[in-house]
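Residue numbers begin at 1 in each chain, while the letters A, B, ... track the order of the sequences.
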Amino acid sequence: MLTIESFLANSFSNAINILYGTDIEGSTLQIQKTHPDFKGDFTLVVFPLLKVSKKKPEETGADIGNYLISNHKEFVDFNIVKGFLNVSLSNAFWISTLENSTNDEQFGFAKPKSTGRHVMVEFSSPNTNKPLHLGHIRNNLLGFSVSRILEAVGNDVRKVNLVNDRGIHICKSMLAWQKFGNGETPQTANKKGDHLVGDYYVRFDKEYKIQIENLKAQGLTEEEAKQKAPLMLEAQEMLRKWEAKDAEVIALWEQMNGWVYEGFEKTYANLGISFEKVYYESQTYLLGKVIVAWGLEQGVFFRKPDGSVWIDLTAEGLDEKVLLRADGTSVYITQDIGTAVQRFDEFHLNEHVYVVGNEQEYHFSVLKHILKRLGYMWSDHLFHLSYGMVNLPEGKMKSREGTVVDADDLITEMIETAREMANELGKLDGLNELEVEQVCRVVGLGALKYFILKVDPKKNMTFNPRESIDFNGNTGPFIQYTYARIQSVLRKATDEGVANISRVSVVEMTEKERELIKLTTLFPGIVQQAATQYSPALIANFAYDLAKEYNQFYHDHSILRDTTEEVKQLRLSISAQVGRCIKNAMWLLGIDVPNRM
RNA sequence: GGUCCGGUAGCUCAGUUGGACAGAGCAACAGCCUUCUAAGCUGUGGGUCACAGGUUCGAAUCCUGUCCGGAUCACCA
């Protein structure tokens with residue numbers, strides 16, 4: 001199937017070839033949708049072609065325009081404004097384009113696994129000492145959406161999660177529970193397990209601070225106090241016991257992590273997020289040591305007098321970086337080296353995407369350089385999808401100051417707001433409780449997901465819990481509403497027995513009708529672009545533009561009334577196709593669309 | 001201090017590999033529902049694209065410098 005982009009590129013380069021005897025490189029061919037203020041469907045920028053035509057812009061444009069309308073039946077008209085050649089395509093062309101896609105439910109998507117490429121996307125990666133918050137939500141939504149986008153362009157995608165389930169921070173909540181918990185469990189506390197554990201993490205910090213203050217009162221410096229506080233010493237002792245596989249500590253660790261996993265399960269389910277595979281650091285943290293030993297042998301790494309192992313990356317503009325501590329234990333990056341090698345090996349990966357915040361850019365830069373030095377050719381195919389922070393109007397979220405927006409709370413609030421809104425508008429009359437519940441969930445989550453995904457991943461964003469989430473304007477619900485409207489019309493058409501809409505006769509079309517068909521043809525290209533740029537935001541913005549355009553069309557066109565059969569079929573067919581594009585675009589964002597709302 | 005990212009309307013954000021007079025939404029104001037869903041549509045006001053140079057037919061976009069904000073430069077993960 002020919003995309004609109006390649007159809008246009010072929011036509012223009014054919015014209016240029018015949019007229020000027022030159023093959024044009026893709027980059028000098030600048031084709032864009034014609035600016036709304038001018039007549040035409042697509043515009044060729046002729047400035048870059050003056051070198052080969054050796055004529056003025058107007059003459060060059062006229063040459064090409066004339067050639068196209070006399071040799072390609074799809075082109076019917078053209079005009080030239082300054083250096084811009086605006087061409088119009090025939091109604092027959094647009095109608096047949098529409099017809100070709102009316103039965104394609106997967107419109108916009110490539111054939112599954114058609115590229116033969118294996119891609120792994122790692123995201124979420126929570127710590128098991130506290131519940132998920134707004135920052136994790138951005139991570140999860142991005143990772144999930146990017147996975148679907150990469151899948152939609154034909155890759156075999158594997159979504160994985162690497163849970164950080166060990167380390168001193170985990171011991172802190174364990175210790176606090178042991179000391180102050182009195183055997184409390186999620187059941188007795190009637191609380192999600194991740195929240196319960198998170199409370200003890202906060203408790204640790206509180207008690208720890210008191211101890212520090214006491215020690216400072218006894219004359220110790222801040223630094224000394226932090227190091228000598230009994231709680232910290234105990235936590236460190238607990239970590240040593242964990243590493244020595246002390247039965248009691250391991251049992252406590254398993255119990256508390258179990259609580260957290262149960263809690264995470266619910267949050268993931270609420271968000272509609274899933275993984276093919278979950279890795280646990282407790283099982284992978286020793287990976288990479290063998291590779292480091294080998295690299296040391298090869299002279300890629302070096303050993304310092306104290307026994308620690310390093311790599312010198314000053315040639316790459318970075319610093320020296322430690323890979324093994326003096327006592328032989330590994331650090332974070334050691335594990336990442338190990339898991340990367342293991343994964344590329346096991347799954348024959350062509351690409352590995354890490355969805356991790358931008359504060360770890362340095363880390364991933366180091367990781368890539370190390371793997372390259374070790375001779376792994378695929379190191380160029382590690383991609384750090386680095387996203388910006390989510391800030392509150394007051395600034396950064398700080399867990400210690402209790403300004404963190406909790407994921408579960410936020411989801412609940414969104415669904416509640418959706419319900420209030422729907423009630424106010426009288427949208428839910430005639431639906432039973434189950435249907436009401438479903439619509440509010442879909443709409444509430446749609447609002448949240450869209451709000452986060454419409455922003456370019458690499459940008460920091462501001463989230464105002466009270467004001468940010470809107471249900472009107474450039475929002476998820478606006479797009480969902482448009483979809484529901486379309487379904488409503490299609491239902492009505494079926495009820496009225498309107499014939500098969502996959503055959504559309506050629507009739508005169510209004511500007512809006514042409515514009516809508518044109519927009520839908522751009523969808524496959526947008527998906528491609530979103531995949532190359534790892535940007536769900538492109539999909540989100542496309543869906544919005546399309547929905548906005550459709551609502552204008554809907555407002556001043558009658559679809560089922562006062563129209564001929566031909567016009568009815570055309571408009572229904574356009575509606576169906578727009579609905580399909582919206583549905584598929586939203587699917588790529590991980591957002592459901594309701595049949596009514 | 002070094003490196004990376006950002007600075008577009010009062011607020012939140014778009015702006016395709018440089019292209020036509022910089023666009024949406026929110027907020028404000030004024031209109032449109034006996035007719036397919038008004039979570040919609042239409043209109044008004046709102047800009048020195050941080051600043052200064054440069055490159056070119058053309059710069060919000062590329063280059064240089066300056067200012068502001070963020071991240072990072074741990075034997076933390």
Open item on the list: Counting only Watson-Crick pairs (N1-N3 plus N6-O4 or O6-N4) and G-U wobbles (N1-O2, O6-N3), all under 3.5 Å, who is the partner of B/rA27?
Closed with: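 Its partner: none found.
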As a test of reading the structure: which of [options] is closest to the side chain of [X], going by heavy atoms?
X	options	result
A/Phe47	B/rA77, B/rG19, B/rG23	B/rG19
A/Asn86	B/rA39, B/rA71, B/rA20	B/rA20
A/Tyr481	B/rG6, B/rA39, B/rA77	B/rA39
A/Met461	B/rC13, B/rA39, B/rC41	B/rC13
A/Val455	B/rA77, B/rA14, B/rG25	B/rA14
A/Asp470	B/rU12, B/rG6, B/rC26	B/rC26
A/Tyr544	B/rC75, B/rA24, B/rA39	B/rA24
A/Arg485	B/rA20, B/rC5, B/rG40	B/rG40
A/Lys427	B/rG25, B/rA39, B/rA77	B/rA39
A/Tyr554	B/rA39, B/rU37, B/rG70	B/rU37

I'd like the [atom1] distance from [M] over to [N], given in whole Å.
N	M	atom1	result
B/rU3	B/rA27	C1'	40 Å
B/rU56	B/rU61	P	16 Å
B/rA59	B/rA20	C1'	14 Å

Open item on the list: Determine whether a donor-acceptor pair (one donor, one acceptor, N or O, separation below 3.5 Å) exists between the side chain of A/Asn472 and the base of B/rC26.
Closed with: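 No, no donor-acceptor pair under 3.5 Å.
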Task: Side-chain donor/acceptor contact of A/Thr475 with base of B/rA39 under 3.5 Å - done: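 Counting by modelled atom types and ignoring angles, no donor-acceptor contact under 3.5 Å is found here.
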TODO: Quick one: do A/Leu85 and A/Thr43 satisfy side chain to side chain contact (heavy atoms under 4.5 Å, CB included)? Show the steps, please.
DONE: CA-CA 5 Å; A/Leu85 169 63; A/Thr43 298; 5.8 Å; no
Task: Cationic N near anionic O, under 4.0 Å, A/Asp205 to A/Lys172 - done: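 No, no charged N to carboxylate O under 4.0 Å.
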Phosphate oxygens OP1/OP2 of [N]: is one of them under 4.0 Å from a side-chain N or O of [X]?
X	N	answer
A/Lys82	B/rG58	no
A/Lys321	B/rC75	no
A/Gln552	B/rU42	yes

TODO: Could you grab the distance from atom CG of A/Leu448 to atom CD1 of A/Ile137, nearest 0.5 Å is fine?
DONE: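 One gets 5.5 Å once the value is rounded to the nearest 0.5 Å.
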TODO: Answer yes if the ring centres of A/Phe463 and A/Phe451 are under 6.0 angstrom apart, and no otherwise.
DONE: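 For A/Phe463 and A/Phe451, the ring centres are under 6.0 Å apart.
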- [ ] Would you say whether A/Phe84 stacks on B/rA20? The test is a distance between ring centres of less than 5.5 Å and an angle between planes of less than 30°.
- [x]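 Yes, A/Phe84 stacks on the base of B/rA20, since the ring centres sit under 5.5 Å apart and the planes are within 30°.
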Task: Upstream residue (5' side of RNA chain B) when A/Arg596 and A/Asn541 are each assigned their closest nucleotide - done: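 In this pair, the answer is A/Asn541.
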Open item on the list: I want to confirm an ordering. Mapping A/Asn127 and A/Ile526 to their closest nucleotides on RNA chain B, which one lands closer to the 5' end?
Closed with: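 Looking at RNA chain B, the more 5' nearest nucleotide goes with A/Ile526.
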Open item on the list: Is B/rC33 syn or anti, taking syn as a glycosidic angle within 90° of 0?
Closed with: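 Syn for B/rC33; the angle stays within 90° of 0.
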- [ ] Could you tell me whether A/Lys289 atom NZ has more than 12 heavy atoms of other residues or ligands within 6.0 Å of it?
- [x]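 More than 12 heavy atoms, drawn from other residues, nucleotides or ligands, come within 6.0 Å of this atom.
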Sugar-phosphate, base or nothing in reach of [X], heavy atoms under 4.0 Å:
X	value
A/Gln335	nothing
A/Thr43	base
A/Ser558	base

Open item on the list: If we ignore hydrogens and angles and just use 3.5 Å, is the side chain of A/Gln480 paired with the main-chain N or O of A/Val442 as donor and acceptor?
Closed with: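 Yes; judged by distance alone, with no hydrogens or angles, the pair exists.
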